[in-house]
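All of these numbers come straight from a predicted model, not from anything done at the bench.
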Amino acid sequence: EATTSVPFWTFMRNSLIITAAISLVKFVLGILSAYGLVFLKFPGKTVLFLVIIAALMVPNQITVISNYALIANLGWRNTFQGIIIPLCGVAFGTFLMRNHFLSLPSEVIEAARMDGASDWRVFLSIVLPNCFGPMLALFLLQFTWIWNDLLFSTVLGWLPTSGYRPLFEDPAGWLRHIILPGVTIGLVAAAILTRYVRSAVLEVAASGYVRTARSKGLPPRVVTFRHTVRNALVPILTITGIQLATLLGGVIVVEVVFAWPGLGRLVFNAVAARDYPLIQGAVLLIAALFLLINLLVDVLYAVVDPRIRLG
């Protein structure tokens with residue numbers, strides 16, 4: 001009945017076309033831009049990378065109005081290009097692939113260039129074959145990300161795109177309504193945090209005291225959790241505190257877009273109504289939360305690392 005009452009397969013085909021096109025464009029542009037940032041020399045490269053990092057902290061929903069105005073002026077409403085082009089940002093793919101390209105031996109690249117290989121030859125013959133696994137993972141991640149956004153909310157209608165249900169009155173409805181805004185806020189932050197966690201754990205795992213713990217015959221579980229993870233938590237706590245503080249700014253746009261009644265939407269409504277006392281109180285509360293997060297991170301430093309003393 002679900003496939004016959006509406007043109008279900010037409011919707012499914014359109015979603016597949018949009019998802020594949022967006023994923024392919026993001027995949028190609030992300031790899032090429034990451035290659036340029038790592039292996040090419042040009043002025044302003046560091047500034048450009050910092051701009052890309054800053055773009056990762058900006059929710060996509062903040063550009064909804066400007067994108068719609070641009071699409072309307074170009075006459076692209078109700079067209080494939082009007083949906084595909086605004087979603088082709090490459091900040092996440094560039095950041096991910098740049099970090100992997102940096103792990104490639106620079107000697108191999110320099111040797112190829114000394115033999116007269118062009119940048120395209122280096123890219124096609126050395127970089128692509130050695131990075132096939134991460135590239136495939138990036139494409140699948142982007143495809144799944146975009147497909148889930150279109151499938152569950154637009155095609156199947158499993159996840160509502162807006163609204164709110166009280167937690168204690170309707171726990172299942174509350175969970176369904178919070179998934180999309182939660183993923184929107186947390187997915188990019190999770191990717192950045194994962195990168196830092198991996199780097200911190202690998203650095204600690206190569207240290208001398210971890211090798212000593214293994215040589216003493218301690219169980220792998222004890223070595224991992226007591227000696228490796230605990231000593232890697234200090235930089236992880238730092239980036240976690242920064243990410244939580246960043247989310248306080250991004251949550252305003254997400255709550256407005258998804259019609260979620262929270263502090264961010266309260267600030268937005270107060271600005272629209274020019275309710276200055278409410279704006280001042282909300283900003284003060286956000287600043288207090290920011291300071292509380294930083295204080296909690298400082299206290300946790302002493303908990304995870306006994307060498308750090310407070311006071």
Side-chain angles (χ1 to χ4, degrees), residues 46-47 49-62 91-92 94-96 98-100 102 167 175 178-210 213 221-256 258 260-268 279-311:
T46 303
V47 176
F49 178 67
L50 293 177
V51 171
I52 293 175
I53 294 297
L56 287 173
M57 303 179 184
V58 179
N60 294 332
Q61 287 75 17
I62 203 171
F92 174 72
T94 302
F95 175 80
L96 189 65
R98 175 186 177 274
N99 286 291
H100 188 77
L102 288 173
L167 173 60
L175 181 62
I178 202 175
I179 288 177
L180 286 182
V183 170
T184 301
I185 295 175
L187 193 58
V188 174
I192 298 174
L193 183 61
T194 300
R195 176 65 185 177
Y196 278 94
V197 170
R198 178 182 179 275
S199 300
V201 171
L202 288 177
E203 182 180 355
V204 173
S207 57
Y209 56 85
V210 174
R221 179 178 57 84
V222 176
V223 175
T224 300
F225 291 101
R226 181 174 297 179
H227 297 282
T228 304
V229 174
R230 184 169 183 177
N231 287 281
L233 281 178
V234 172
I236 294 174
L237 286 174
T238 302
I239 191 63
T240 301
I242 295 174
Q243 291 294 324
L244 289 176
T246 304
L247 293 180
L248 291 176
V251 75
I252 297 178
V253 178
V254 173
E255 287 182 357
V256 173
F258 288 97
W260 187 268
L263 181 61
R265 191 178 179 186
L266 179 65
V267 173
F268 178 83
I279 296 173
Q280 293 171 348
V283 171
L284 181 62
L285 178 59
I286 292 176
L289 290 175
F290 185 88
L291 294 176
L292 181 62
I293 291 172
N294 284 276
L295 176 62
L296 182 61
V297 169
D298 290 338
V299 172
L300 289 177
Y301 284 158
V303 174
V304 301
D305 192 346
R307 296 171 296 180
I308 300 177
R309 291 292 180 265
L310 301 178

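- Between Val267 and Ala282, the shortest heavy-atom contact is CG2-CB, 3.4 Å.
- Annotation: the span from Ile293 atom CD1 to Leu296 atom CG amounts to 8.5 Å, rounded to 0.5 Å.
- Annotation: the span from Leu291 atom CG to Ile286 atom CD1 amounts to 12.0 Å, rounded to 0.5 Å.
- Thr238 meets the side-chain hydrogen bond (donor to acceptor under 3.5 Å, both in side chains) test with Tyr301; sequence neighbours excluded.
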Listed pairs under 3.5 Å, donor-acceptor, residues 198-208 side chains, sequence neighbours left out:
from	atom 1	to	atom 2	distance (Å)
Ser199	OG	Arg195	O	3.1
Ser207	OG	Val204	O	2.5

Could you list the donor-acceptor pairs under 3.5 angstrom formed between side-chain atoms of residues 228-237 and any protein atom two or more places apart in sequence or on another chain?
from	atom 1	to	atom 2	distance (Å)
Thr228	OG1	Val223	O	3.0
Arg230	NE	Val304	O	3.0
Arg230	NH2	Val303	O	3.2
Asn231	ND2	His227	O	2.6

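- Annotation: side-chain hydrogen bond (donor to acceptor under 3.5 Å, both in side chains) contacts of Thr94 (sequence neighbours excluded): Ser33.
- Counting non-hydrogen atoms of neighbouring residues, nucleotides and ligands closer than 6.0 angstrom, the CZ atom of Phe225 reaches no more than 12 such neighbours.
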Problem - CA sep, side-chain torsions, deciding dist, call: Leu193, Val197, side chain to side chain contact (heavy atoms under 4.5 Å, CB included) - result: CA-CA 6 Å; Leu193 183 61; Val197 170; 4.2 Å; yes
